[in-house]
Protein chains: 2
Amino acid sequence: MKNKVTIKDVAKYAGVSPSTVSRVLNNYLHIKPDKRQKVEEAIKELNFEPNEIARSLITNKSKTIGLVVDDISNPFFSETSKVIILKARQLGYEILIYDTSGEEDLKKTLKFLLSRNLSGIIVGSVSRYDQNFEELVGESIPVVYFNRKPEKSNFFSVTMDNKKGSKMTISHLIQKGHSRIAFIGGPFEYSTYYDRYLGYYESINEFGLTIDEELILKGKPTNDYIQNFVTRILSKPDRPTAIVASTDQIAITVLDAIEKNNFRVPNDVAVIGFDNIQVSSNPYIGLTTISQQKSKMAELALNTLILLIEKNLKETPEDVVISPKLITRKTT
Amino acid sequence: MKNKVTIKDVAKYAGVSPSTVSRVLNNYLHIKPDKRQKVEEAIKELNFEPNEIARSLITNKSKTIGLVVDDISNPFFSETSKVIILKARQLGYEILIYDTSGEEDLKKTLKFLLSRNLSGIIVGSVSRYDQNFEELVGESIPVVYFNRKPEKSNFFSVTMDNKKGSKMTISHLIQKGHSRIAFIGGPFEYSTYYDRYLGYYESINEFGLTIDEELILKGKPTNDYIQNFVTRILSKPDRPTAIVASTDQIAITVLDAIEKNNFRVPNDVAVIGFDNIQVSSNPYIGLTTISQQKSKMAELALNTLILLIEKNLKETPEDVVISPKLITRKTT
DNA sequence: TTGTATGCGTTATCAA
DNA sequence: TTGATAACGCATACAA
């Protein structure tokens with residue numbers, strides 16, 4: 001059942017001109033009901049499916065949205081991507097997915113993406129300094145930053161209030177009686193990590209505790225790096241009684257490191273993560289975490305983009321900021 | 001920097017005809033070196049990027065591969081998708097991702113996909129009985145089944161020997177001294193789950209143990225379903241000392257259920273999963289599992305598809321079967 | 001070896 | 001309200 005039926009075949013079958021068929025397809029007004037019906041019958045009968053490629057060539061839109069992520073195998077991205085993919089299809093759009101991991105030359109590949117007449121782009125992972133999208137995409141098609149945003153931006157964005165999230169972890173821990181609280185950060189080139197760090201730093205001060213740089217891990221946290229750090233801080237005489245990890249994935253590694261050092265969670269050490277990925281809710285892990293309400297965030301990003309695409313108006317960019325939610329489980 | 005430069009502009013700039021530019025673009029032979037060079041210079045100078053949509057309209061190919069998965073938020077799929085996405089781009093193809101979850105009418109949406117002149121499709125999740133792809137796609141574009149395949153198939157496939165994988169779990173457990181081994185299956189409409197079940201069943205017999213239907217959970221394993229099952233079998237006087245779970249995700253829930261029943265892993269109960277997803281290797285979980293070498297599988301599927309696309313020859317379909325590997329960790 | 005003309009399947013423009 | 005025709009950007013048959 002090859003898809004070789006064209007608009008012409010439908011036109012012939014229905015006894016009208018191709019333009020009329022096109023008009024029916026695009027829900028034009030002012031079509032005589034009987035003709036419309038004939039066309040619709042012909043479409044059904046011939047099993048006609050409009051060729052999106054041809055459409056796209058002339059309209060410069062493709063009913064395809066580019067989704068740029070850092071690492072699709074990261075549960076945060078795969079889980080949000082799912083929301084975006086499903087919702088998009090529901091609205092008649094497909095998703096072209098782009099995983100930037102290990103990308104040296106974003107410019108080149110971005111141009112490749114753009115050569116497909118994308119209707120719009122959702123960028124799930126952009127560094128704080130990146131200007132590629134602003135420069136290359138410019139005003140040609142709508143772009144929405146999601147999860148992270150660069151410091152200089154002329155596009156819409158949907159992000160979480162990461163600073164606030166961090167503060168929530170600290171106040172939760174303080175309420176539980178902790179006062180020595182360690183922090184494991186991530187690459188500061190991303191706003192998510194950077195803001196979480198800032199939130200930690202500020203709230204430790206605000207609550208009248210003292211910052212101990214030895215309890216703070218900066219830089220890209222590899223497994224070994226985390227293991228060593230945890231071992232080191234837990235062996236201190238004034239060891240911390242709680243650890244805030246920048247992501248759930250880090251937190252899970254922290255859980256292991258704590259166990260390896262023969263401490264127990266949460267009695268000896270409490271642990272909090274960020275993101276509320278699926279495994280965190282698995283009772284075996286039961287990680288207390290800051291939820292960024294990622295489904296809501298993803299849906300909002302998509303809706304914003306679709307609005308920009310379909311209204312086709314250049315409103316002044318808006319930054320939607322979602323509030324974090326603390327989800328208490330057994331690690332605190 | 002809008003992408004408004006066309007082949008005509010390049011032609012004008014280089015002082016040649018558009019067709020010559022096209023020939024350079026497509027690496028034709030018989031082009032005078034000096035003209036070729038002029039064209040190449042013009043392309044660089046004008047920052048020209050061929051419009052893939054226009055190309056696709058005429059060639060009926062789109063340098064886009066459809067990737068159909070059941071659930072992209074499932075780590076197995078997100079991790080294999082990543083391999084496919086990266087490898088594909090390296091070869092000049094983009095990935096249109098399609099998540100079928102909750103799809104009632106695959107036919108309709110498949111047609112929508114096909115209306116985009118996809119170069120080929122990789123199907124990561126097809127039921128044993130599905131004939132949609134065979135019927136709708138037919139010979140129009142290449143299709144490769146990946147991970148799962150239907151019982152009747154005229155397409156290439158790349159899968160793991162799931163039966164063998166199951167047998168490996170049993171022989172591993174028997175070697176460790178277990179003889180009462182429970183099994184948690186999944187939806188039998190998928191070949192992966194079905195074959196893993198068959199492998200369990202057959203090898204229990206082959207090793208001279210007796211099948212106890214009460215130790216076998218069939219059907220779609222929800223969390224509650226798993227929890228209840230584990231609680232039930234562990235409270236039996238002749239309780240099992242090992243549990244084989246059809247996937248790592250199930251296994252992790254099993255770990256929790258075991259803990260809730262105050263048994264310890266692996267001393268009281270051993271656990272094995274399938275898939276070797278990333279979290280399983282996290283030392284905190286340390287799940288023994290059967291690896292299907294999913295990266296290798298994914299790459300093989302893509303390579304097969306690309307070969308079919310570019311050779312454009314209809315070879316007789318082949319079923320590539322990958323050998324499972326046992327990865328021993330702390331749960332057995 | 002190169003240029004001209006045509007067409008891919010659709011929408012947009014114009015006239016009727 | 002409808003139809004004829006051009007156009008989208010490119011690849012290709014054919015001519016030169």
Side-chain angles (χ1 to χ4, degrees), chain A residues 2-39 42-43 46-64 92 111-112 114-119 140 312, chain B residues 2-40 42-43 46-64 111-112 114-119 140 312:
Chain A
K2 268 172 102 170
N3 200 28
K4 275 292 171 195
V5 186
T6 77
I7 208 173
K8 281 186 186 170
D9 301 319
V10 177
K12 200 172 292 175
Y13 190 96
V16 299
S17 78
S19 350
T20 303
V21 177
S22 172
R23 291 188 183 105
V24 171
L25 247 38
N26 291 282
N27 287 316
Y28 273 55
L29 313 167
H30 313 305
I31 303 174
K32 281 216 176 136
D34 58 320
K35 294 220 171 187
R36 177 187 294 277
Q37 197 188 335
K38 279 204 171 177
V39 170
I43 289 176
L46 300 178
N47 221 328
F48 168 75
E49 196 75 17
N51 183 318
E52 288 297 329
I53 297 289
R55 275 186 152 167
S56 155
L57 183 59
I58 195 159
T59 60
N60 258 321
K61 301 265 170 85
S62 63
K63 287 280 187 180
T64 303
K111 278 201 279 183
F112 187 57
L114 290 176
S115 72
R116 284 152 195 270
N117 295 7
L118 295 182
S119 295
S140 57
N312 201 23
Chain B
K2 268 171 102 171
N3 199 28
K4 274 292 172 195
V5 186
T6 76
I7 208 173
K8 279 187 187 170
D9 302 319
V10 177
K12 201 173 292 174
Y13 191 96
V16 300
S17 78
S19 27
T20 303
V21 178
S22 172
R23 289 185 186 108
V24 171
L25 248 39
N26 292 283
N27 288 315
Y28 272 55
L29 313 168
H30 314 304
I31 303 175
K32 278 214 179 142
D34 60 319
K35 296 221 172 187
R36 177 187 295 275
Q37 196 187 336
K38 278 203 169 175
V39 170
E40 278 165 353
I43 290 176
L46 300 177
N47 221 329
F48 167 75
E49 196 75 18
N51 183 317
E52 287 297 328
I53 297 290
R55 275 188 151 167
S56 152
L57 183 59
I58 196 163
T59 59
N60 261 320
K61 300 266 170 85
S62 64
K63 287 278 184 182
T64 303
K111 278 202 279 184
F112 187 57
L114 290 176
S115 73
R116 283 152 196 270
N117 296 6
L118 295 182
S119 294
S140 57
N312 201 24

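Source: prediction; values computed, not measured. Per chain, numbering begins at 1; letters A, B, ... match sequence-line order.
- Taking atom CG on A:Leu57 and atom P on C:dC8, their separation rounds to 13 Å, with Å as the unit.
- In this entry the distance linking CD1 of B:Ile58 with C1' of C:dT10 reads 14 Å, nearest Å.
- Remark: the A:Thr20 side chain and the A:Ser17 side chain contain an N/O donor-acceptor pair separated by less than 3.5 Å.
- Enclosure of atom NZ in A:Lys38 is not indicated, since only 12 or fewer non-hydrogen atoms of other residues, nucleotides or ligands lie within 6.0 angstrom.
- Closest contact between the side chain of B:Asn51 and the listed nucleotides D:dG9, C:dT2, D:dA4 involves D:dG9.
- As a whole-Å value, the separation of A:Asn60 CG from C:dG9 P is 20 Å.
- Whole-Å rounding puts the B:Asn117 CG to C:dG9 C1' distance at 10 Å.
- Side-chain atoms of A:Asn26 and A:Arg55, non-hydrogen and from C-beta on, do get closer than 4.5 Å to each other.
- Here the closest heavy-atom approach between residue B:Leu25 and residue B:Pro50 is recorded as CD2-CB, 4.1 Å.
- At whole-Å resolution of the value, CD1 in B:Ile7 and P in D:dG9 are 11 Å apart.
- Considering only side-chain N and O atoms, B:Thr6 lies nowhere under 4.0 angstrom from the phosphate OP1 or OP2 of D:dG9.
- For A:Lys35, the side-chain atoms get nearest to D:dT2 when compared with the rest of C:dG3, D:dT2, D:dG9.
- Straight-line distance from the NZ atom of B:Lys61 to the C1' atom of D:dC10: 16 Å, rounded to whole Å.
- If you check distances only, the side chain of A:Ser19 does reach the base of D:dA4 with a donor-acceptor pair under 3.5 Å.
- When the nucleotides D:dT12, C:dT2, D:dA4 are ranked by their closest atom to the side chain of B:Ser22, D:dT12 comes out on top.
- Residue contacts for B:Val21: at a heavy-atom cut-off of 4.0 Å it reaches no nucleic acid atom on any strand shown.
- Going from atom CD1 of B:Ile53 over to atom P of C:dG7 covers 23 Å, rounded to whole Å.
- Closest approach to the A:Thr20 side chain among C:dT10, C:dT2, D:dT2 is made by D:dT2 (side chain taken as heavy atoms from C-beta onward).
- When every heavy atom of A:Ser115 is checked against every heavy atom of B:Glu49, the shortest pair comes out as CB-CG, 3.9 Å.
- For B:Arg55 and D:dC10, the shortest distance from a side-chain N or O to OP1 or OP2 is not below 4.0 Å.
- Comparing B:Leu29 and B:Ala54, the nucleotide of DNA chain C nearest to each residue sits closer to the 5' end for B:Leu29.
- At D:dA11, none of the side-chain N or O atoms of B:Tyr28 fall inside 4.0 Å of OP1 or OP2 (strictly under the cut-off).
- You'll find that the side chain of B:Arg23 is closest to D:dC14, out of D:dA7, D:dC14, C:dT1.
- Distance A:Lys63 NZ to C:dT10 P: 15 Å, rounded to the nearest Å.
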